[in-house]
Amino acid sequence: MTDPSDIAVEVADLSKNYGPVQALKSVSFSIESGRYYALLGPSGGGKTTLLRLIGGFLRPSAGRVYLHGQDVSHLPPDRRPTSMVFQNYALFPHMNVERNVSYGLKLLKAPAGEIRDKVERMLAMVGLEGYNRRMPHELSGGQQQRVQLARSLVLERDVLLLDEPLASLDAKLRKDMCLELKRIQEKVGITFIHVTHNQEEALTVADRIAIIADGELVEEGSARDIYETPEKRFTAEFIGDNNVLPGVVANLSDGRVTVDLGFASVDVASHGVAAATGDDVAVSVRSELLRIVDGEPDAAWQIMPATYVEAIYLGLTVSHLVRLPDGTEIVARVISGEANDGAFEAGKEIAVGWPGDRARLHVA
Amino acid sequence: MYDDFANPWNIRLKWVYLLGVVFALLMPVFYTIYISFNQHGFGARIYEFTFDWYRVVLGDTLLVVSLKWTLYLALAAIVATIPMALLSAKFYKRTRRKVAFVALMLSPLFVPADIMGSSLLVFFKNLANGFVWLDEVLGVYWFDGWFDLGFLTALIGQVIYVHPYAFIVILITMSRYRVQQTEAARACGATAWQAFWQVEFPQIRVGVFSSCAFVTILSFNEAVRTALLKGGFDTFSNMLVAQMLNIGMSGESYAMAGIMSIVSMLVIGSVIVFTLLRAERLERRARAMAQPLMAS
Amino acid sequence: MFYVPVVFFVLFFAAPMALTVVWSVFERTQFWMEPGFTLFAYDNFFTSARAENYLFSMVHGAAAVAISFAIGFPIAVFIRRRVTRVAQHRVILLFILPFMISELVRVFAMRPVLGRHGIINSLLIDLGIISEPITAILFSPLGVIIGDVMSFLPFMIFAGFLALEAVQNYIFEVCDDLGTGRVRLFTHIILPLAAPGIFAGAVFIFVNSLGVALVPTLLGGPGAVNAGLIANQAIVALDFPLAMAISTIMVVTLVALLYIGHRLFDLTRILEPIS
């Protein structure tokens, strides 16, 4: 446990109902100060609701929000130590860049000279020096988001909330902005909470990621853990390009579990997952770890029989589509140009597998 | 939407039809104004231009007093209606029972003047009687004269009548406004009122001004509800109705009709000019936005 | 605070409208009325010429609706389909101007136009098309219908346009692409999509033809009345229960029409552009 004073944001049993619809179902977690934290999940899963509850744009149906240990659940947004960057249309269209960025400082009645200095410094940080007199409609989408960022950061609040800040930008620009957001966060050192449905975006920017779906916190962890060792089946299905295979526990022994998939048996490490014989479970293997085996397999590999379907060229990688005996199609991905990126003829009987402990076991 | 294959003459013909209908709708009014400047009034063989009829109207103390009452009523209607229309539009945005609310707000449009006027008249009379009764029961004189017919009752009738128009105009302007901006302002530390006044209001100002213009015109034009609900005063249109029914079509009534239509046209004309200028500006803005600005 | 408009409208609009039903069954006194229950006012309405007049004004109203639709709706379609987006609202503004000039003045102005010595008769006689002035167009049922159309036509154009504005352009493009004929495009696409707007416009014109007393007063013949005028006359005669009974009948007619319309066309669709 960290010192509670280092906890920037804590939510406890937070719920939000819209009439009969439960948008958020009793979520609890905490975020350490200075983290870049991503709330990742499918659309309509409740992540934006959660962010807006933290920012004070919604009143919780139940539960509490603490910012630096202080209960702010009953406070409106302007009285919370947070500021927010919105997806789009949030710049004041009747004010130029400078007036947009200085808006919050003027509300605080800061001295004019100080306001000017801070605005200049902030515009420099987001790479918009000399844009002071531009109107929002004269800016590109990316520039508008930079202005929003400057407008929020200039207030020097403890927590910055970002609600899908890059969702309306095109793919290339989004990538650049991700890196820049990360750079800026490291520079200012405050807590960023970034909502996105784009896993690549989340993996790029965040130190830690929380997966939110169906109004619940599914899983929380460092970006690497979430990607490489997902605990929950949902996470495995959502993050990365995982092949998830349902099965039944056939045997347990010493931290290893044998799962009967119906057409093959595979042996996976339990990683502390509690399962009993006869339980319905799932095994996930990321597509880049799955290999096509043509010929005699290695004894240390987990092997399943399969039929080759087709190869799909995706530039950097080639996806090989294969069909398992029960009819499900799964994907094995290799880097283009690597040894076995060549395709087989459709319908050829082959085997797929993975070496050692690459698969994960999920009970839920 | 353009259709490159359409026969241009076909479209021109339709424009002629459209403008013809506009002309037909306006022609009687302009003809009335034309007559009002004739020394010899309607139906005369000769036309002699004169301001005499207008002089007669503006020289008539009763008519000038009624103009003053009309002005008071219009001003009071603006003061009462515009804030309420803003509140209604805000309420519409946040309520979940939108259909019921809009039905309540817009149904006065569908109740004809004489019907609404009669109902309100009986309502106010009963209300006033009720308050007198309450005074008697309580043995006091607190409510004496409440809702007796007068300026207030006429104003209430007027507000009910003009509010739907103001509400729609403001709602349409507001529908182009993005709520994120209010939230962004709140996130910057603005109170709800500051966010409204500094961020939202500047963007819906046009709608607010237009509805002020509408309320002015509608109040100025209204003749029926005020006739039923007013107390001891007459508005200009009340006087015009009386003129038309009692004296018939005199040169004076043409001049009065002329004054009414000229005022309406001036107000609506300035709104249109203002709106067009704004549309030009928005168009320039849109064009500027359409220029491909590469992100840096 | 935000409930002020609701309270105001419930108190000064919904309540008076609802209470008309109650007051319509009160007993008439010499100058006012007193609580009681009697259907005398309704009896008075239905067994006198008033019911017949009411029916006549409904016929006139229906005629005004039909004529307004025939003249106005094509204009709404034309503006929506053949005018550029930016210009559309300007063209609509053209129709706001007449709508915003006092109805009183516009109705009144029909007299020097339609009258025996009015501009239309003078013109036709000068052109030698007729030798005697046409008298059927003023102080007659026809005059009332013309007055109603002239008064309320713009509303059909607004409502029709508003409904069509919500229709996406691609729908027209798809129809062009599929080779939908003009007639089919109109009956299968435009009419159903604009139906709520047309209906709202039609109801507005209909109830106002029934309820605005000015038109028959100024343009109708000696016996011309409609619901509004009957109510007005009842008020003048201090027969308040009768006035309330007429209001009730009027409001019931209106609510019935709106209900039918809502069941048929889902009037909430009109609200889409503003929600």
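Everything numeric in this text was worked out from a predicted model, so none of it was measured. What's counted below: heavy atoms across the whole structure, side chains too, no hydrogens, waters or symmetry copies. Reminder, nothing fancy here: chain letters follow the sequence lines and each chain counts from 1.
Considering every non-hydrogen atom in both Val122(B) and Phe240(C), the closest pair reads CG2-CD2, 3.7 Å. Contact detail for Met105(B) and Pro5(C): the closest heavy-atom pair is CE-O, 3.7 Å. Of all heavy-atom pairs between Phe123(B) and Ala15(C), the closest is CE1-CB, 4.5 Å. Of all heavy-atom pairs between Thr32(B) and Pro112(C), the closest is OG1-CG, 4.5 Å. The two residues Phe2(C) and Phe91(B) make their nearest non-hydrogen contact at O-CD1, 3.2 Å. Between Ser264(B) and Ser102(C), the closest heavy-atom pair is OG-N, 4.3 Å.
Distance check: Leu94(C) CG to Leu18(B) CG gives 7.0 Å after rounding to the nearest 0.5 Å. For the atom pair CG (Leu104(C)) and CE (Met260(B)), the distance works out to 5.5 Å, reported to the nearest 0.5 Å. Distance check: Leu109(B) CG to Phe155(C) CZ gives 5.5 Å after rounding to the nearest 0.5 Å. Atom CE of Met100(C) and atom CG of Asn221(B) lie 8.5 Å apart (nearest 0.5 Å). Put simply, CG on Leu228(B) and CD1 on Ile235(C) are 6.5 Å apart, with the number rounded to the nearest 0.5 Å. With values rounded to the nearest 0.5 angstrom, Phe30(B) atom CZ is found 6.5 Å from Ile101(C) atom CD1.
By the salt bridge (Lys or Arg N to Asp or Glu O under 4.0 Å) test, Lys90(B) is found to be paired with Glu200(B), residues two or more places apart in sequence or in another chain being considered. Scanning for side chain to side chain donor-acceptor pair (under 3.5 Å) contacts around Arg111(C) gives an empty result, with sequence neighbours left out.
If you measure heavy-atom distances from Ile35(B) to chain C, the contacts under 4.5 Å come from the side chain alone. With a 4.5 Å cut-off on non-hydrogen atoms, Thr95(B) does not touch chain C at all. Of the two parts of Phe110(B), the backbone and the side chain both hold a non-hydrogen atom closer than 4.5 Å to a non-hydrogen atom of chain C. For Met244(C), the part lying under 4.5 angstrom from a heavy atom of chain B is the side chain only. Of the atoms belonging to Leu218(C), it is side-chain heavy atoms, and not backbone ones, that fall under 4.5 Å from chain B. The parts of Leu25(B) that come within reach of chain C are both its backbone and its side chain, each placing non-hydrogen atoms under 4.5 angstrom from that chain. Contact of Phe95(C) with chain B is made through the side chain alone, with heavy-atom distances under 4.5 Å. Interface residue Leu19(B): only side-chain heavy atoms are found under 4.5 Å from chain C. Contacts between Leu86(B) and chain C at a heavy-atom distance below 4.5 Å are absent for every atom of the residue. Contacts between Leu11(C) and chain B at a heavy-atom distance below 4.5 Å involve the backbone alone (N, CA, C, O). Proximity to chain C is absent for every atom of Met256(B), based on heavy atoms less than 4.5 angstrom apart. Only the side chain of Phe147(B) comes within less than 4.5 Å of a heavy atom of chain C; its backbone N, CA, C and O stay farther away. For chain C, the nearby part of Asn129(B) is the side chain; its heavy atoms alone come within less than 4.5 Å. Contacts of Ile96(C) with chain B are made by side-chain atoms alone, with heavy-atom separations under 4.5 Å and no backbone atom involved. If you measure heavy-atom distances from Thr20(C) to chain B, the contacts under 4.5 Å come from the side chain alone. Proximity to chain C (any heavy atom under 4.5 Å) is shown, for Met174(B), by neither the backbone nor the side chain. Contacts between Leu153(C) and chain B at a heavy-atom distance below 4.5 Å involve the side chain alone, from C-beta outward. If you measure heavy-atom distances from Arg94(B) to chain C, the contacts under 4.5 Å come from the side chain alone. For chain C, the nearby part of Phe124(B) is the side chain; its heavy atoms alone come within less than 4.5 Å. With a 4.5 angstrom heavy-atom cutoff, Ile268(B) touches chain C only via side-chain atoms. Looking at Phe101(B), only its side chain comes within 4.5 Å of chain C, counting heavy atoms on both sides.
Here Pro108(B) is the residue among Ser118(B), Gly157(B), Pro108(B) with the most heavy-atom pairs under 4.5 Å with chain C. Contact tally against chain C (heavy-atom pairs below 4.5 Å) for Val99(B), Val159(B), Leu127(B), Asn126(B): the top residue is Asn126(B). By number of non-hydrogen pairs under 4.5 angstrom with chain C, the leading residue of Leu104(B), Ile33(B), Ile217(B) is Leu104(B). The candidate from Phe206(C), Phe204(C), Trp23(C) with the greatest count of non-hydrogen atom pairs under 4.5 Å with chain B is Trp23(C). Note: Pro28(B) leads Pro28(B), Ala113(B), Ala24(B), Ser261(B) in heavy-atom pairs under 4.5 Å with chain C. With chain B as the partner, the residue from Leu114(C), Asn208(C), Val251(C), Ile246(C) showing the most heavy-atom pairs under 4.5 Å is Asn208(C). Counting heavy-atom pairs under 4.5 Å between each of Val4(C), Leu19(C), Ile119(C) and chain B puts Ile119(C) at the top. Most heavy-atom pairs under 4.5 Å with chain B, from the set Met1(C), Met110(C), His89(C), Glu103(C): that is Met1(C). Counting heavy-atom pairs closer than 4.5 Å to chain C, the top-ranked of the candidates Lys125(B), Met116(B), Glu222(B) is Lys125(B).
With respect to Met250(C), the side-chain contact (heavy atoms from CB on, under 4.5 Å) criterion is satisfied by exactly one of Asp114(B), Ile115(B), Val111(B): Ile115(B).
When the shell of 6.0 Å around CZ of Phe23(B) is examined, it contains 12 or fewer heavy atoms from other residues, nucleotides or ligands. The number of heavy-atom neighbours closer than 6.0 Å to NE2 of His117(C), taken from other residues, nucleotides and ligands shown, is 12 or below. Within 6.0 Å of the CH2 atom in Trp32(C), the count of heavy atoms belonging to other residues, nucleotides or ligands exceeds 12. Counting heavy atoms of neighbouring residues, nucleotides and ligands inside a 6.0 Å radius, atom CZ of Arg12(B) exceeds 12 of them.
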Could you check Thr153(B) against Phe12(C) for side chain to side chain contact (heavy atoms under 4.5 Å, CB included), going step by step and ending with a plain yes or no?
-> CA-CA 10 Å; Thr153(B) 52; Phe12(C) 293 116; over 6 Å; no
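No side-chain heavy atom of Thr217(C) sits under 4.5 Å from any side-chain heavy atom of Val241(B). Val77(C) is not listed as a side-chain neighbour of Lys14(B), based on a closest heavy-atom distance of 4.5 Å or more. Side-chain contact check for Ser107(B) versus Phe9(C): every heavy-atom pair is 4.5 Å or farther apart.
Relative orientation of the Phe108(C) and Tyr254(B) rings is tilted, given thresholds of 30° and 60° on the angle between their planes. A perpendicular orientation is assigned to the rings of Phe78(C) and Trp15(B), their planes being inclined by more than 60° (bins at 30° and 60°).
In this structure, Phe8(C) has its ring center no closer than 6.0 Å to that of His163(B).
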